[in-house]
Amino acid sequence: MNWTATFTLLSKEVTRWRKVWMQTVLAPVVTALLYLLVFGHVLEGRVEVFPGVSYTAFLIPGLLMMTVIQNAFANTSSSLIQSKVMGSIVFILLPPFSAFEMFLAYIGAAILRGLAVGVGVFLLAIFYVQVPVENFFVIMAFAILGSYVMGALGLIAGMWAEKFDQIAAFQSFLIVPLTFLSGVFYSIKSLPPIWYQLSKANPFFYMIDGFRYGFFGQSDQPVLLSLGVMLVATAVLTIICVNMLKSGYKLRDA
Amino acid sequence: MNKNDQAQPAISLRGVSKRYGDLQALSDVSFDIKKGEFFGLLGPNGAGKSTLISALAGLLKLNHGSISILGADVEKDYRQARLNLGVVPQEIVMDPFFTVRETLQFQSGYFGLRNNDVWIDELLEQLGLSDKADANMRKLSGGMKRRVLIAQALVHKPQVLVLDEPTAGVDVELRQSMWRFVRRLHREGHTIVLTTHYLEEAEELCDRIAIINKGQLLALETKEDLLARGLGSKLLVKAKNTIKLIPDEYRERIARHEGNEIELTIHRDSDSVMDILDNLRAASIDIDYVSVLSDSLEDVFVRMTGNTEVSQIESNEVQA
């Protein structure tokens, strides 16, 4: 394991999103706050999802996690597709990286961007409404695992795509629908039975549900089940990504 | 360095083949490049040069064969092979987010080198980039970006340096300073592999030259042997008066005929210059001046690859 190389690639990826922080951090924070203001204003007092929890407070963890995971996905996918299209991927392919080293660096940067955006949303949101923190470690575990899983999905999308619009399609037709239908804005218990069952098959639901448990100590599904789903997804995606990187899928021989 | 080290080639290719669909990009290519050589790899567009360089750099997977860099197999021992090799890509590519110094520091770290600033500063100075160290890559001219590419290839001090068309689109001053620097690296013991469209550059710089076409190795010889391949030269004859009548036996050998000058293609081994001159005199040509023009590398290249567009490409590029 070459830690210097891995840390350098991680550092380069973090520097990349830090240099364009208005686009990569500030813009998603503002978007999340707009959702919070609009949905909070319209639905506050009309919907009670968890007993004793206001709708706006219920909304915050969902919006926070949605922003975290969408940005983790955007970080790896945009970095890879940009460097593939511009040809600068050669600077990563020529050095003696192992597939696992590359994977760790890209995922690490995705997690850090996800957390940076998440902290930004949280710090601004708590000025608007008080949100309890039931278990900080659960919150962090789901934020990190969620970013990890979405960073890995972004890596797969970035390797597969050859054009920017393919990444946009991946995002619009897969990531956004699965996120919006994962209980960000509602409890899946309020859904008709068929939609309830379908929502339980959506892995993104477990990211949001487990994360929300960390705030309120209540969730639609047992938190250990959500944690288990996340750990399985993490392991499966790690194996897929490392093997794709090792084979050079659409990177070498392109 | 012991005897085995010296005998070990810098680059060794054995039965290298690569196919893309119906296109056989490389076909059973085998040769060695010795340590410390200045080696030229020539071929027309689409000959397989870039495929070969990509294979050296581990950027593609071979269908057959093996490649090693200083004894390290590019697939099985890829870490050591890549540490041994620096590649300057043909395309000008860059990461637009970073400054020149950041670009070199990151590239250095990718090879496991921390605190490499002394060497980075030396590279910046040698390549005339010191005053651009903190400039964003986007702000640099094309020539400057190419210098950064060279610095990136050298940042981990590789023993073998591959330059893929490094002077394409580069102005004369930069080209000369680049060659001064590369010559210095060669003198210091680096093995240099060069592909270029400018055949006079290969003729001037390279010790040995390989010519490939359609994925096959056509020739691999020292520059001198390649030039003296027995394929001939030209005989320039200047007459005192306009040359009107040329003996029939030489009509098919006329390379140029303008007024009182004629150039005939001759074969170094089978033609006698004295006999030709006697026959021309017998045809009433009053000879004033005679010169034998040796083949240039370009002549040899064109003859071997059948690529008559080379001269045109070169002159266009020089004007550009």
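For clarity, every value in this text was computed on a predicted model and none was experimentally measured. Chain identifiers are assigned alphabetically (A, B, ...) following the order of the sequence lines, protein sequences preceding nucleic acid strands; residue numbering begins at 1 within each chain.
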**Request:** Please assess A:Ser98 against B:Arg79 for the test side-chain contact (heavy atoms from CB on, under 4.5 Å), listing each intermediate value before the final yes or no.
**Result:** CA-CA 8 Å; A:Ser98 72; B:Arg79 283 195 194 259; 3.2 Å; yes
Do [X] and [Y] come within less than 4.5 Å of each other through their side chains, counting heavy atoms only?
X        : Y        : result
B:Thr103 : A:Phe91  : no
A:Val90  : B:Glu91  : no
A:Leu94  : B:Gln152 : no
A:Arg252 : B:Leu60  : no
A:Val20  : B:Phe97  : yes

**Asked** Which residue out of B:Arg114, B:His156, B:Gln105, B:Gln80 racks up the most heavy-atom pairs below 4.5 Å with chain A?
**Response** B:Arg114
**Message:** Does any backbone or side-chain atom of B:Gln107 lie under 4.5 Å from a heavy atom of chain A? Answer side chain, backbone, both or neither.
**Reply:**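 For B:Gln107, the side chain is the part near chain A, not the backbone.
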**Asked** Side chain, backbone, both or neither: which part of B:Leu85 has an atom under 4.5 Å from a heavy atom of chain A?
**Response** neither
**Request:** Please look at A:Lys19 and chain B and tell me whether the side chain, the backbone, both or neither of the residue comes under 4.5 angstrom of a heavy atom of that chain.
**Result:**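 For A:Lys19, the contact with chain B is made by the side chain alone.
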**Request:** Measure A:Thr6 against the heavy atoms of chain B and call it side chain, backbone, both or neither at under 4.5 Å.
**Result:** neither
**Expected output: side-chain B:Arg82 to main-chain A:Leu93 donor-acceptor under 3.5 Å** =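 Pair found, side chain donor or acceptor close to backbone of A:Leu93.
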**Crowding at CE, A:Met22 (>12 non-hydrogen neighbours, <6.0 Å)** =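 Open: at most 12 neighbouring heavy atoms sit under 6.0 Å from CE of A:Met22.
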**Request:** Locate the shortest heavy-atom distance separating B:Tyr110 from A:Pro96; write the atom from each residue and the value.
**Result:**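 Here B:Tyr110 and A:Pro96 meet closest at O-CD, 3.9 Å.
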